[in-house]
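For this chain, numbers begin at 1 and follow the sequence in order. Just follow the structure's listing: the first ligand is 1, and inside any ligand the first atom is 1.
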Amino acid sequence: MAGVTGRFAPSPSGRMHLGNLLCSLLAWLSARHEGGRMVLRIEDLDAARCPRKFADLLEADLRWLGLFWDEGGSAGGPNGPYYQSERSEIYETYFETLMGMGLVYPCFCSRSQLHAASAPHRSDGTPVYSGACRGLPAEEVRRRAALRPPAWRLRVGEETVAFTDGHLGRYGEYLPDDCGDFVVRRGDGVFAYQLAVVVDDARMGVTQVVRGADLLQSTPRQLYLYKLLGLPAPEFYHLPLLLAPDGRRLSKRDGDVSLETLQSRFSPEEVVGRLAFAAHLLEKPEPVTAAALVKDFSWEKVPKEDILLPKGLFDGKGRQP
Ligand code: GLU
């Protein structure tokens, strides 16, 4: 059996925060524990929000933490480019394939139409698309397209897509009710995350995806695309979200510090040790290298429920800033 290939897939819209750091650490440990490779893909589809300087800083930050990768980012490799902003032509081919299958249609709905109070909502709060633009007559499409460029949606079939998450277990969605037709290309021409991530993970040979549980609900959509496009799907491990000590979303006030701040207070080993402690990989928040955690890493140790950041864990200063 071919070995494991994991990946970092950060969106560099700023410096990394504790949630991204924990995700990067676990993705790296999970792949390295299996003797696997790591790919770095920069998810800068929204190029205006993700300037290259943040991607460069991100690479420096991963290296500072001791999370080295084998392929990707500015170092390049055989499956590049590794910046999504440079991969539109590749996405275009797959988009054309879906078009050719008659599965994609233009959608002219405005944001307020999509969020209409009557729309059924997914459990994550986003509206399930009503299908309003499914089957618009060609003439109507032409008339509306002259006014503004449409987004493009994938027509989902009447089926359930279920999978077993390596950490969280079974999860599935009945596509028409739980998911709805979803956007694969935005009105401004940018390809949607759901399509790009599938194409990239498949073409970059990724076999193991580790990411936050906030993306669990994206997985059935992605598995559906893998199937339609005839691409091999990876295994998925979704890690619990890191929350403030009182269970709210992490904010600056609760100590959700950026790596920039952490670097002024702690050594890399102190940051890694504290993150590993928060994820139950260590019994005490003691300094450790990422490499030293590889051998004993196990998903069984990582909690399945949201992780509450232990109070004061990243306050103050470590011993060796
Ligand atoms: N780029 C996404 C993020 O930074 C991650 C996407 C994924 O892991 O599939 O949140």
Item to complete: Classify the contact between Val209 and ligand 1 as side chain, backbone, both or neither, using a heavy-atom distance cut-off of under 4.0 Å.
Response: neither
Worksheet, complete the sentence: Within 4.0 Å of some non-hydrogen atom of Val197, the atoms of ligand 1 are 9 (O)
Worksheet item: If you count the atoms of ligand 1 from 1 in the order shown, which ones are under 4.0 Å from a heavy atom of Tyr193?
Response: 6 (C), 7 (C), 9 (O)
Worksheet entry | Distance from atom 3 (C) of ligand 1 to nearest protein heavy atom, with residue and atom | Ser11 OG, 3.7 Å
Discussion item. Between Lys304 (side chain only) and Pro240 (backbone N and O only), is there a donor and an acceptor less than 3.5 Å apart?
Written reply: no
Discussion item. For Leu216, is there any backbone N or O sitting under 3.5 Å from a side-chain donor or acceptor partner on Thr219?
Written reply: yes
Fill in: salt bridge (Lys or Arg N to Asp or Glu O under 4.0 Å), paired with Asp181, selected from Arg153, Arg155, Arg134
Arg134
Fill in: The one among Arg211, Met16, Glu43 that brings a heavy atom closest to atom 6 (C) of ligand 1
Glu43
Fill in: His115 side chain to Gln113 backbone, donor-acceptor under 3.5 Å
no
Worksheet item: Going by the atom numbers of ligand 1, which of them fall below 4.0 Å from some non-hydrogen atom of Leu215?
Response: 5 (C), 6 (C), 7 (C)
Discussion item. If the contact criterion is a heavy-atom separation under 4.0 Å, does Arg7 count as touching ligand 1?
Written reply: yes
Worksheet entry | Any donor-acceptor N/O pair, Arg265 side chain to Phe314 backbone, under 3.5 Å | yes
Worksheet item: Any side-chain heavy-atom pair from Glu92 and Arg185 closer than 4.5 angstrom?
Response: yes
Worksheet item: What is the nearest protein non-hydrogen atom to atom 5 (C) of ligand 1, stated with its residue, atom name and distance?
Response: Ala9 O, 3.4 Å
Worksheet item: Does the protein put any heavy atom within less than 4.0 Å of atom 8 (O) of ligand 1?
Response: yes
Discussion item. Does the plane of the ring in Trp299 sit parallel, tilted or perpendicular to the ring in His167? Use 30° and 60° as the thresholds.
Written reply: tilted
